[in-house]
Amino acid sequence: MTFEEFLWAKGEDRLAAIVSNCQWDLIAAFGTKLQELLRQYYYVGGMPEAVLCYTSHGDVNRVRVIQNEILRAYASDFAKHAGNETQRIRLVWNSIPAQLARENKKFIYGAVKTGGRARDLENAVQWLVDSGLAYRVHRCNTPTIPLKFYEDFNAFKLYLLDVGLLGALADAPASLMLVSNDVFKEYKGSFSENYVLQHLVAILDTQIYYFSKNNSTQEVDFLVQHNNRIVPIEVKAETNVKSKSLRTFVTVDHADKSLKGLRCSMLPYVDQIWMENIPLYSVYGYFSNAADK
């Protein structure tokens, strides 16, 4: 379930409609409430059973029990269907939170286990992707249509199918995620990136990439091809934002391509010459409305 569907499930019909229709003035007016609800979504996620439990009873402990039951069911599926790959799949699966907590979120085989190599673990990664339990986002070297021509198969990031399950797998406590605003800056934005990615997957019928430079800290979190437009996307977990990588990408390195960046953050909507900023809770609505134009 998307964040908008989570709002409907909580009976927040008006807020769901405001967010879905990108009514920026109203979204700004209800910003504090929407941030609170987004914190809840980061914890609960979009798995229907977890959402039903939370919206019916508000029991965060029971929500975590349900999430852990889902994770155990997946682990059981590994053993039932993966044969000799079972242990390697478990190692890759359990490494995802730590991989996403790194500043550079590129998947590192050596971080799965000491001496881990692509030839030993690639099948395990592919099994998780093929089963729909993880999303693989490859690097794209050039922001030119079609992006697939410039895909780098040797570099990728790996995300979970659901932000709530990411929290459960990482054993992130409810006290941190539901009460403290620190959830938006902890784990170096991994929750926010996973949240944005799963909403992009839900709305866009296209491959999603990211961009980074070798021997440089410059990185654009996501790169998508949408309505004959290349959209570089930066995800910021807070209101304190700096967009040096995105600005350089759009205005310097690829100034000849007339790109316009998209930043997803906790700031209200603003349209600048080189970039639009949208609130994190508006990602699905933004691309849904763009698809209708």
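Of the possible polar contacts, none joining the D152 side chain to the H138 backbone as a donor-acceptor pair under 3.5 Å is found. Of the possible donor and acceptor atoms, one in the side chain of Q67 sits under 3.5 Å from a partner among the backbone N and O of V44. Put simply, the side chain of N194 never gets that close to the backbone of Y159: no donor and acceptor are under 3.5 Å apart. Judged by distance alone, with hydrogens and angles left aside, the side-chain atoms of T86 form a donor-acceptor pair with the main-chain N or O of G83 at under 3.5 Å. Remark: the backbone N or O of K106 is paired with a side-chain donor or acceptor of N104 at under 3.5 angstrom. With R64 contributing its side chain and A172 its backbone, the two residues share a donor-acceptor pair below 3.5 Å. Between the side chain of D162 and the backbone N or O of G45, no donor-acceptor pair lies under 3.5 Å. Without hydrogens or angle criteria, Q225 side chain to L147 main chain gives a donor-acceptor distance under 3.5 Å. Of the possible donor and acceptor atoms, one in the side chain of S265 sits under 3.5 Å from a partner among the backbone N and O of L267. A distance-only check finds a donor-acceptor pair linking the side chain of Q198 to the backbone of V163 [under 3.5 Å].
Crowding of D205 atom CG: a count of heavy atoms from other residues, nucleotides or ligands under 6.0 Å not exceeding 12. The environment of N228 atom CG is sparse: at most 12 non-hydrogen atoms of other residues, nucleotides or ligands sit within 6.0 angstrom.
F222 places a side-chain heavy atom less than 4.5 Å from the side chain of V235. Side-chain contact between P143 and F249 is present, with at least one heavy-atom pair separated by less than 4.5 Å. You'll find the side chain of R90 reaches within 4.5 Å of the side chain of F78, heavy atoms only. Side-chain contact check for M266 versus L38: some heavy-atom pair is nearer than 4.5 Å. At least one side-chain heavy atom of V112 sits less than 4.5 Å from a side-chain heavy atom of V92. Taking 4.5 Å as the limit, some side-chain heavy atom of D253 sits within range of a side-chain heavy atom of K213. By the 4.5 Å heavy-atom criterion applied to side chains, L7 and Y281 are not counted as neighbours. In this structure, the side chains of M1 and F6 stay at 4.5 Å or more apart for every pair of heavy atoms.
In terms of hydrophobic clustering, with Ile, Leu, Val, Met, Phe, Trp and Tyr side chains grouped at heavy-atom distances under 4.5 Å, L259 and V220 are assigned to a common cluster. Cluster annotation: M47 and I96 are assigned to the same hydrophobic cluster (Ile/Leu/Val/Met/Phe/Trp/Tyr, side-chain heavy-atom contacts under 4.5 Å, transitive). By the rule that hydrophobic residues join a cluster once side-chain heavy atoms approach within less than 4.5 Å of another member, Y269 and L246 end up as members of separate clusters. If you chain together hydrophobic residues whose side chains sit under 4.5 Å apart, F287 and I145 never meet in one group.
Ring centroid separation for the pair F3 and Y284 does not come in under the 6.0 Å cut-off. If you look at F211 and Y209, their ring centroids are not closer than 6.0 Å.
Taking 4.0 Å as the cut-off between side-chain N and carboxylate O, D120 and K113 do not count as a salt-bridged pair. Looking at E193 and R102, no side-chain N of the basic residue comes within less than 4.0 Å of a carboxylate O on the acidic one, giving no salt bridge. Checked for salt-bridge contact, E219 and K105 miss the test: no charged N lies under 4.0 Å from a carboxylate O. Between K148 and E151 a salt bridge is recorded (basic side-chain N to carboxylate O distance below 4.0 Å).
Pairing each heavy atom of A237 with each of S192, the nearest pair is CB-OG, 3.6 Å. The two residues Q23 and A17 have their closest heavy-atom pair at OE1-O, 3.8 Å. Across all non-hydrogen atoms, the minimal contact from H226 to L204 is ND1-CD2, 3.4 Å. Shortest non-hydrogen contact noted between R62 and E69 is NH1-OE2, 3.9 Å.
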> Can you check side chain to side chain contact (heavy atoms under 4.5 Å, CB included) on E12 and L34, steps first, answer last?
Replying inline: CA-CA 10 Å; E12 298 285 356; L34 284 166; over 6 Å; no

> Can you check side chain to side chain contact (heavy atoms under 4.5 Å, CB included) on T2 and I203, steps first, answer last?
Replying inline: CA-CA 10 Å; T2 65; I203 191 62; over 6 Å; no

> side chain to side chain contact (heavy atoms under 4.5 Å, CB included) between I18 and R14: does it pass, once the steps are laid out?
Replying inline: CA-CA 6 Å; I18 288 170; R14 185 185 181 195; 4.0 Å; yes

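Between W24 and Y286, the ring planes are tilted. Angles from 30° to 60° get that label.
Considering OH of Y43 and CD of Q40, their distance stands at 11.5 Å, rounded to 0.5 Å. Taking OG from S20 and CH2 from W8, the interatomic distance works out to 6.5 Å, rounded to the nearest 0.5 Å.
Cation-pi geometry between K10 and Y41 is not satisfied (NZ or CZ under 6.0 Å from the ring centre, within 45° of the ring normal).
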